[in-house]
Each structure stands twice: as C-alpha cells, then as structure tokens.
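Letters A, B, ... mirror the listed sequences (proteins, then strands); counts begin at 1. Heavy atoms only: backbone and side chains are in, while hydrogens, waters and symmetry mates are out. Note that the structure is a prediction, hence the values are computed from the model and not measured.
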2 protein chains.
Amino acid sequence: MRDLSRASGMSLAGLYYYFESKERLLFLIQRHTFSTIVQRLKGRLEGVIDHEERIRIFILNHLEYFLANQQAMKVLSHEADVLKNGFGSEVAAIKREYYRICVGLLEDLKRAQGLEFATRIAVLSLFGMMNWIYTWHNPRVDADAEHLAGEMGDIFLGGVINGNKNREKTPARK
Amino acid sequence: MRDLSRASGMSLAGLYYYFESKERLLFLIQRHTFSTIVQRLKGRLEGVIDHEERIRIFILNHLEYFLANQQAMKVLSHEADVLKNGFGSEVAAIKREYYRICVGLLEDLKRAQGLEFATRIAVLSLFGMMNWIYTWHNPRVDADAEHLAGEMGDIFLGGVINGNKNREKTPARK
DNA sequence: GGCTTATTCGAACGTTCGTTCGAGCCGAGT
DNA sequence: ACTCGGCTCGAACGAACGTTCGAATAAGCC
C-alpha cells in the first residue's frame with residue numbers, strides 16, 4: 001500500500017478513503033482484469049465459425065492481454081486464490097466462466113473432427129503454456145503476442161489433433 | 001521462519017543456529033530440489049536413444065517430482081528469482097542446465113525428423129504446461145504423474161511434430 | 001568432580017506492514 | 001461570512017516479520 005501511495009502521489013491514508021482495504025483493492029483489480037479479458041474474447045469470437053480459428057483467437061486474445069500488462073499479470077498470477085471468501089468467489093466465478101469457454105471451444109473441435117483426448121488436461125495445459133509466459137518473456141528479445149500465439153497455436157492444435165498418433169505401439173486412447 | 005519453528009519443534013532462535021538466514025535456508029532448499037531433479041533425469045535418460053521417448057522421460061521425470069512434492073513446488077515456483085546475487089546465480093545455473101538439456105532433446109528430435117519450429121518457444125511452452133500443474137492438480141480427482149505425462153507428451157510431441165500443418169493457407173514457417 | 005564446547009531457548013530489537021484517527025484544507029450553497 | 005461535506009494528509013497503532021543476544025542446558029573429555 002505504501003508503494004501504491006508513492007507511485008500514485010496520494011497519501012497512504014488517502015488511498016484508504018477510496019479503497020476500504022488492501023484486499024478490496026486487489027479484488028477490484030482482479031475483477032476488472034478478468035472481466036475485460038472475457039469480454040474482449042467474446043467480442044472477437046463473434047461470427048467466427050471455424051473451430052481451429054476460434055481456438056487461435058482464444059490464444060491470441062489471452063497472450064495479447066498478458067503481454068500488454070505483463071507486470072500486472074505477474075502479480076495477479078502470484079496473488080491467485082489469496083482473496084477471502086466473499087471476494088474470492090466472485091473472481092473465481094469469472095475465471096470459471098473463462099475456463100468453461102475454453103472447454104467449449106475444445107469440445108466443439110473434438111466433435112467436429114472426431115478426436116479423442118482428455119479435455120480437462122488439454123485446457124489446463126494450454127493455460128499453463130500461456131500463463132507461464134510472464135516468467136520468461138522479454139519484450140526486447142522475444143516475439144510479439146501475434147507471433148507467439150501462432151507458435152503456441154501450432155503446438156497446441158497440432159497436439160490435440162495429432163497427439164496420440166505419436167504413442168509407440170499404442171492405440172487411440174479413450 | 002516462525003512457521004518453520006512451530007512445524008519443526010525447534011525454537012526460532014534454534015533455526016538460526018543451523019541456517020544463518022532465511023535467504024540461505026531457501027537457497028539450500030532450492031539447490032537441493034533442482035539438483036535432485038536434474039540428477040534423476042540424467043540417470044533415466046542413460047541408454048535411451050529414441051528421441052521421442054527421451055522427451056517423454058523428461059516430462060515424466062518432471063511431473064513425478066512436481067506431484068510428489070506439490071506443496072514445496074508451489075512455494076518454489078512463487079519464490080523463483082527472489083534470491084540475492086550470490087545465492088541466485090548458483091540456483092540459476094542449475095536451472096539453466098536443466099533448460100539446456102531440454103533444448104538439446106528437442107534439437108535432436110528436430111534434426112532426426114527434419115522438423116521446423118522455434119525451439120525456445122517450444123521448450124518454454126512445455127515448461128509452462130508442466131509447471132502450471134501446481135495450480136490445479138488435485139490428487140483425489142486428477143490422474144497420476146504417469147498418466148498426465150502421457151497426455152502432455154501426446155499434446156507436446158504431436159504439436160512439435162505436426163504443428164504447422166494446421167495453419168490455414170500458410171506455408172511451413174522458418 | 002571440573003572445564004570446554006555444542007546446542008537450545010525465551011525474550012527482545014528494529015523494521016515493515018495494513019489500517020485508523022483527528023485535524024486541516026477547499027469550494028459550493030445559503 | 002459562515003457552514004457544511006468532500007477530500008487530503010501526517011502521525012500513529014498494533015501486529016507480524018527477520019534477526020540477535022545472553023543465559024540455560026546437555027554432552028564429551030580430562
């Protein structure tokens with residue numbers, strides 16, 4: 001809170017005039033952030049029918065926000081699940097909606113192409129790929145969101161579509 | 001430190017008799033953890049020549065340790081890069097060696113199969129997939145390390161081997 | 001038994017943290 | 001001119017933190 005006070009130019013007590021506690025302030029930041037990501041995603045998905053393209057849009061939307069707000073996302077990733085009961089559940093609901101959208105995109109792809117893979121593990125692997133970026137991405141060295149989304153989309157889509165073909169002496173898995 | 005004192009049964013001051021500071025204690029834990037992972041990996045890779053199998057071993061080794069020490073890895077993931085200069089560089093060196101091993105495995109696969117993808121992004125995506133597990137894995141619900149390593153191996157190997165075939169109207173990328 | 005050395009601990013120190021309080025400032029309304 | 005409500009702040013409070021210190025205990029050796 002003292003850091004925020006210094007950075008914003010407002011006194012420490014002044015912050016508490018607007019935000020009743022540090023926890024509520026974190027809650028507002030998290031709610032705003034995750035709501036924005038979900039809202040932008042919905043807008044971008046409208047009218048797109050190709051299943052692979054929809055997943056690529058999901059990845060690009062996610063990475064763009066993460067890289068544009070890298071410092072913030074670093075904190076938010078570390079501060080996941082620290083909110084107490086009341087605050088935590090509302091943020092958790094938004095995250096759950098986001099997760100469910102991704103599950104839906106994958107289920108659609110599975111149905112359309114007759115694929116077989118574990119949706120939950122695939123979705124959480126994808127989130128891992130994307131979220132881990134805050135630990136290594138250096139804007140001066142690494143490619144931009146669009147390029148990275150392309151590469152990750154290649155790996156992920158190639159994986160869920162052709163994945164189990166690479167098991168030696170193993171039939172398609174249930 | 002007070003938590004450790006309570007959990008270990010030794011007084012707070014007693015801890016400082018054995019570990020000169022909280023930072024040095026964290027350093028010892030990190031060094032031991034990452035050294036163990038690298039050491040086990042090297043043992044398991046010995047004698048295995050198939051490139052895909054070697055990457056699957058890498059994934060299994062990583063996930064097994066992460067799931068067997070989930071609470072610890074949750075902390076270590078959060079405490080990455082908090083060590084000051086002296087301590088930090090030694091741990092960073094071990095991590096870099098681990099990273100380089102993974103890069104080597106992928107480069108071998110690329111060469112053997114004539115593939116084209118960005119190694120750095122692929123490696124860091126794989127780390128993301130695997131490391132993110134501490135945020136969602138529930139031992140009572142989710143599969144064990146072996147099963148998860150199989151699924152993630154399918155996705156990752158399928159992705160790097162067949163990835164760019166899924167780009168619409170796009171040639172293989174450089 | 002005495003003496004030395006290793007181990008353990010309660011109590012405290014100084015700092016940082018989240019938060020609160022009371023007093024001051026300032027512009028709008030009467 | 002006076003007041004009132006919104007806004008801002010310096011200063012402090014109590015708790016938690018990493019760390020230290022001196023004394024108490026235990027263990028090994030003569």
Among [options], which nucleotide has an atom closest to any side-chain atom of [X]?
{"X": "B/Y16", "options": "D/dT8, D/dT20, C/dG18", "value": "D/dT20"}
{"X": "B/M10", "options": "D/dT19, C/dT8, D/dC9", "value": "C/dT8"}
{"X": "B/A13", "options": "C/dC9, C/dT19, D/dT19", "value": "C/dC9"}
{"X": "A/Y17", "options": "D/dG6, C/dT7, D/dG18", "value": "D/dG6"}
{"X": "B/R2", "options": "D/dA12, C/dT8, C/dA12", "value": "C/dA12"}

Check the distance between [N]'s [atom2] and [X]'s [atom1] and give it to me in whole angstrom.
{"X": "A/L83", "N": "C/dG18", "atom1": "CG", "atom2": "P", "answer": "14 Å"}
{"X": "A/E23", "N": "C/dC17", "atom1": "CD", "atom2": "P", "answer": "18 Å"}
{"X": "B/R6", "N": "D/dG18", "atom1": "CZ", "atom2": "P", "answer": "12 Å"}
{"X": "A/F19", "N": "C/dT20", "atom1": "CZ", "atom2": "P", "answer": "15 Å"}
{"X": "B/R24", "N": "D/dT19", "atom1": "CZ", "atom2": "C1'", "answer": "17 Å"}
{"X": "A/M1", "N": "D/dA11", "atom1": "CE", "atom2": "P", "answer": "20 Å"}

Would a distance-only check, ignoring hydrogens and angles, find a side-chain to backbone donor-acceptor pair under 3.5 Å from A/K110 to A/F117?
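A pair under 3.5 Å: yes.
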Taking for each residue the nucleotide of DNA chain C with the nearest heavy atom, is it B/L12 or A/K22 whose nucleotide lies nearer the 5' end?
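Its nucleotide being nearer the 5' end, the pick is B/L12.
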Taking the six-membered ring for Trp, are A/F58 and A/Y98 ring centroids under 6.0 Å apart?
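Yes: the rings meet the under 6.0 Å criterion.
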B/H147 and B/D142 side chains, donor-acceptor separation under 3.5 Å
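The answer is no; no qualifying pair exists.
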Restricting to pairs with a member in residues 26-47 of chain B, which pass side chain to side chain donor-acceptor pair (under 3.5 Å), not counting sequence neighbours?
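Listed once each, the pairs are B/R31-B/E90, B/K42-B/E97, B/R44-B/E64.
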How is B/Y18 classified with respect to the nucleic acid when contacts are heavy atoms under 4.0 Å: base, sugar-phosphate, or nothing?
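Sugar-phosphate contact only.
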